[in-house]
Amino acid sequence: MKKHFSSVLPLYVILLLFTIFATSDATIRRRDYTVPTVYPELLQTLTPITTKDPQDIYINLVLSYTDLAPDGYTRKVWTANGQYPGPLIHCNRGDRLIINVTNNFEDPTTIHWHGIFQLGSNWYDGVGGQTQCPILPGTSFVYNYTVGDQVGTYWWHSHYLAQYVDGLRGPLIVNDPDDPYLGQYDYEYVLTLEDWYHQLAEDLVAMRLAPGYSAFNPVPDAGLISGRGQYNCSRADSGAKCDPNNMPAIYTVTKGKKYRFRIINMSAEAFFWFSIDGHKLTVIEVDGVAVKSIELSVLPIHIGQRFSVIVDASKDVGSYWIRADIPEDCIFNSPETINANSDLDNNNNITGILRYDGAPNDLPNSKKFNDAWSNNLFPCQDLDISLIKPYEPVSPPQKVTDQFNISVTLGPDKKNTTKAYINGQSWAPDLTNPSIMKIMEEKINATKFPVNANAYMYDSEGGAVEIVIYNQNGAEHPFHLHGHNFFIIGMGSSGSPDVSQYNLIDPPLRDTITLPGSGWAVIRYLINNPGVWAFHCHIEWHVELGMVFQLIEMQSKIQELTLPPSVEALCKPGYQNTKRLAIPSAYPDDGETTITPGGYALYNPTKSSTKVKRTNKRSIEFTGKRKARNGRRAI
Ligand SMILES: *[C@@H]1O[C@H](CO)[C@@H](O)[C@H](O)[C@H]1NC(C)=O
Ligand SMILES: *[C@@H]1O[C@H](CO)[C@@H](O)[C@H](O)[C@H]1NC(C)=O
Ligand SMILES: *[C@@H]1O[C@H](CO)[C@@H](O)[C@H](O)[C@H]1NC(C)=O
Ligand SMILES: *[C@@H]1O[C@H](CO)[C@@H](O)[C@H](O)[C@H]1NC(C)=O
Ligand SMILES: *[C@@H]1O[C@H](CO)[C@@H](O)[C@H](O)[C@H]1NC(C)=O
Ligand SMILES: *[C@@H]1O[C@H](CO)[C@@H](O)[C@H](O)[C@H]1NC(C)=O
Ligand SMILES: *[C@@H]1O[C@H](CO)[C@@H](O)[C@H](O)[C@H]1NC(C)=O
Ligand SMILES: *[C@@H]1O[C@H](CO)[C@@H](O)[C@H](O)[C@H]1NC(C)=O
Ligand SMILES: [Cu+2]
């Protein structure tokens, strides 16, 4: 296999592209836009991949703090290669990605490749406490996996505490050389939607976890389209560096051409309604699965979800608003809410610009579609599942071998701290001894995991899992499953599942589902990927409150696989407390769990008989046989 281009452009190419971009926009009305606060890669059409053969792609992600101003307001951003959003990874079906992550932060990290199944490489799924120990500051770790048969629109992000909210997230696009819609568009763009906060996520989490029950999450300060937004600087604290004329995302189109926009919702919290004035959106892909085309004026997108739409540049040459409205109903706000006086309260309509070649560099004066209410749109809820039909119909499993009933709640714990519960139990990661190490190295049966691991297991190879999720909370929760996509057999906003209403013929296939407030959903998937797979609400604040469980798929098969030495080495003894991990100790455990819930494990290095011997720079061998850690407290 050959090594081909690195998708991540060298800095000088980025600077060059930016110069070209900035120059071509030089006569734009807002001329004095300062600094390239975000890189322009997302505003360029994707370079087509012309090869069909799988290749090895080497990518370096160097993580560091960089001062950037995505919405005009300068803050410390957790970046990869100095840019926000993080580098676009563009590969082909079947490619192997060899991604060297160098952690120059002061806090540990892990990276998750959202939507990639990690067939046979569970340990590269990037979930601290489940599939790996975190990558410590000052060290590197190589993720090395193939995207297999998967194609479509994905993203990558830190899965370590709330770190992705601080900026560590970027797109991951897998080209399909045999895409059924090839030929129906001329160019491809990637467009990301994000909410943005001015306070550091660690501070927001500390506030969220402070005693005093609250149903409300922090309110974002701004929304971004492809990393660009406009903050009302007169609201910034004195002394803050803030540019009131920050450039919006501008996508250029040529009249007569068709564009595939790959839209990714990389938010921590915000739900968006996406639309482009005057241009209908033809949906052709949902979460990596080609679908029968659906024409929409407005596309609802929840966190973690992805869509491809075709936009036909057939209107008058001009400029049109790209809109990502955050419906007010989906931002829960009360005077006690963290960041309650956010500018988003008056300015919840996030905009970018679709500009035709030859149009003057003016701001658009286009009007929003007024038929937004067709297609059963409800604030904060998914696109009507009855509209989503896989392009190649796939029949869902008719028989279930393993069934789980899951209830999701939020509420105060004994200390009146807000927690989220899966069947009554808040999740807490064991960051120094993740599930995969317990199973593969220590041969601990998952039935013996602590209750706060929220582990559910099944072993029927070739069988099918059914998960019935009851949302006993009034708000929506976008649940994302790792390692699989699933058939959505049924879904409702009230009552309980009615078997006679299940769609066992042609249900949609997704990897993220938004549970309606006080509603339910039934999903099914095949048991074919041994591993430890997280299933969690993708609202980052809820992850920190413990709204996570893990599915242990075919333990005995996992044990037959070989854990790469580099993954074992991440769990070597000698971790130090870091500044960030120390935060929650101010808010100790509720006594129900051994570790502080919600991601903030108390980082006490435990004793282990394992010795690590570095034989050479690349390979690290374990000499001692790993034993169960005796430092761990029992439930
Ligand atoms: C990963 O990148 C770091 C920093 O550039 C480098 O020191 C290290 O050798 C790289 N690791 C591998 C396996 O190439
Ligand atoms: C990546 O993993 C494959 C399959 O295990 C292995 O053959 C290859 O040597 C690895 N590459 C690197 C750079 O580690
Ligand atoms: C828990 O905190 C909430 C919000 O601060 C407060 O209204 C409530 O009285 C507290 N309940 C208890 C039992 O302390
Ligand atoms: C910006 O914020 C200031 C202060 O809150 C407010 O007076 C002004 O109307 C806002 N401007 C816009 C365009 O929303
Ligand atoms: C992005 O996801 C968040 C969280 O689920 C959701 O609130 C928001 O509406 C989504 N945005 C779009 C455009 O769907
Ligand atoms: C934002 O969009 C909503 C829904 O389309 C509209 O009702 C509202 O007036 C808009 N708000 C602003 C500030 O433009
Ligand atoms: C799940 O709930 C249904 C309906 O209450 C019940 O029939 C079924 O036995 C439950 N499944 C399990 C595994 O407990
Ligand atoms: C784990 O324990 C359960 C319950 O005792 C048992 O049914 C299962 O076979 C065990 N699995 C393995 C891999 O040992
Ligand atoms: Cu949630």
Side-chain angles (χ1 to χ4, degrees), residues 122 206-218 332-338 340 397 399-426 435-451 453-461 463-473 489-492 494-502 515 519-525 527 529-533 535 541 545 549-561 563 586-588 590-592 597 628:
N122 184 215
M207 285 186 264
R208 191 72 178 94
L209 289 173
Y213 174 71
S214 167
F216 300 121
N217 294 320
F332 298 95
N333 210 343
S334 77
E336 299 78 46
T337 308
I338 300 163
K399 274 184 59 186
V400 168
T401 53
D402 297 84
Q403 202 224 17
F404 304 100
N405 292 324
I406 298 290
S407 91
V408 176
T409 50
L410 269 172
D413 66 4
K414 286 178 196 147
K415 299 214 169 106
N416 205 20
T417 298
T418 311
K419 297 279 170 58
Y421 306 90
I422 300 292
N423 288 344
Q425 180 63 52
S426 218
S435 307
I436 201 164
M437 295 292 285
K438 293 190 178 91
I439 294 168
M440 295 182 74
E441 300 282 309
E442 299 169 27
K443 313 287 184 208
I444 297 175
N445 190 319
T447 52
K448 300 283 188 323
F449 282 9
V451 288
N454 279 354
Y456 294 81
M457 61 225 74
Y458 47 87
D459 293 299
S460 334
E461 185 168 15
V465 174
E466 176 177 275
I467 303 181
V468 184
I469 318 173
Y470 298 86
N471 182 4
Q472 297 183 345
N473 177 249
I489 302 294
M491 193 167 168
S494 61
S496 52
D498 172 2
V499 176
S500 70
Q501 302 289 310
Y502 285 8
L515 292 183
W520 54 270
V522 180
I523 65 159
R524 287 187 186 176
Y525 60 89
I527 302 173
N529 190 5
V532 172
W533 305 114
F535 199 6
W541 315 117
L545 302 181
F549 58 113
Q550 47 184 325
L551 294 153
I552 316 289
E553 184 162 335
M554 293 190 279
Q555 278 184 84
S556 46
K557 284 278 188 288
I558 302 175
Q559 286 169 350
E560 287 168 14
L561 303 171
L563 197 60
Y587 309 112
D590 57 8
E592 294 164 353

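Read the numbers this way: they start at 1 and go in the same order the structure lists the ligands and their atoms.
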side-chain contact (heavy atoms from CB on, under 4.5 Å), paired with Glu466, selected from Thr401, Val522, Asn405: Val522

Please report the C-alpha distance between Asn529 and Glu553 in whole Å, then the side-chain angles of each, then the deciding distance to 0.1 Å, and finally whether the side chain to side chain donor-acceptor pair (under 3.5 Å) criterion is met. CA-CA 7 Å; Asn529 190 5; Glu553 184 162 335; over 6 Å; no

As an exercise, identify every atom of ligand 8 less than 4.0 angstrom from a heavy atom of Gln555. 13 (C)

Give a yes or no on whether the backbone of Met491 and the side-chain of Trp520 come within a donor-acceptor separation of less than 3.5 Å. no

What pair of heavy atoms forms the shortest contact from Asp498 to Tyr502, and how long is it? O-CD1, 3.4 Å

Run through Tyr456, Tyr470, Phe535 and flag the one making a ring pair (Phe, Tyr, Trp, His ring centres under 6.0 Å) with Phe404. Tyr456

Heavy-atom protein neighbour under 4.0 angstrom from atom 14 (O) of ligand 8: yes

Among all protein heavy atoms in this structure, tell me which lies nearest to atom 8 (C) of ligand 3, with the distance rounded to 0.1 Å. Asn416 ND2, 3.7 Å

Can you list the ligand 7 atoms lying under 4.0 Å from a non-hydrogen atom of Gln403? 1 (C), 8 (C), 10 (C), 11 (N), 12 (C), 13 (C)

Write out the residue and atom name of the closest protein heavy atom to atom 3 (C) of ligand 8, then the distance separating them to 0.1 Å. Asn445 ND2, 3.5 Å

Between the NZ atom in Lys414 and the NZ atom in Lys419, the distance rounded to the nearest 0.5 Å is 9.5 Å

Would you say atom 5 (O) of ligand 3 makes contact with the protein, given that contact here means a non-hydrogen protein atom less than 4.0 Å away? yes

When you measure from atom 10 (C) of ligand 7 to every protein heavy atom, which one gives the shortest distance, and what is it? Asn405 ND2, 2.4 Å

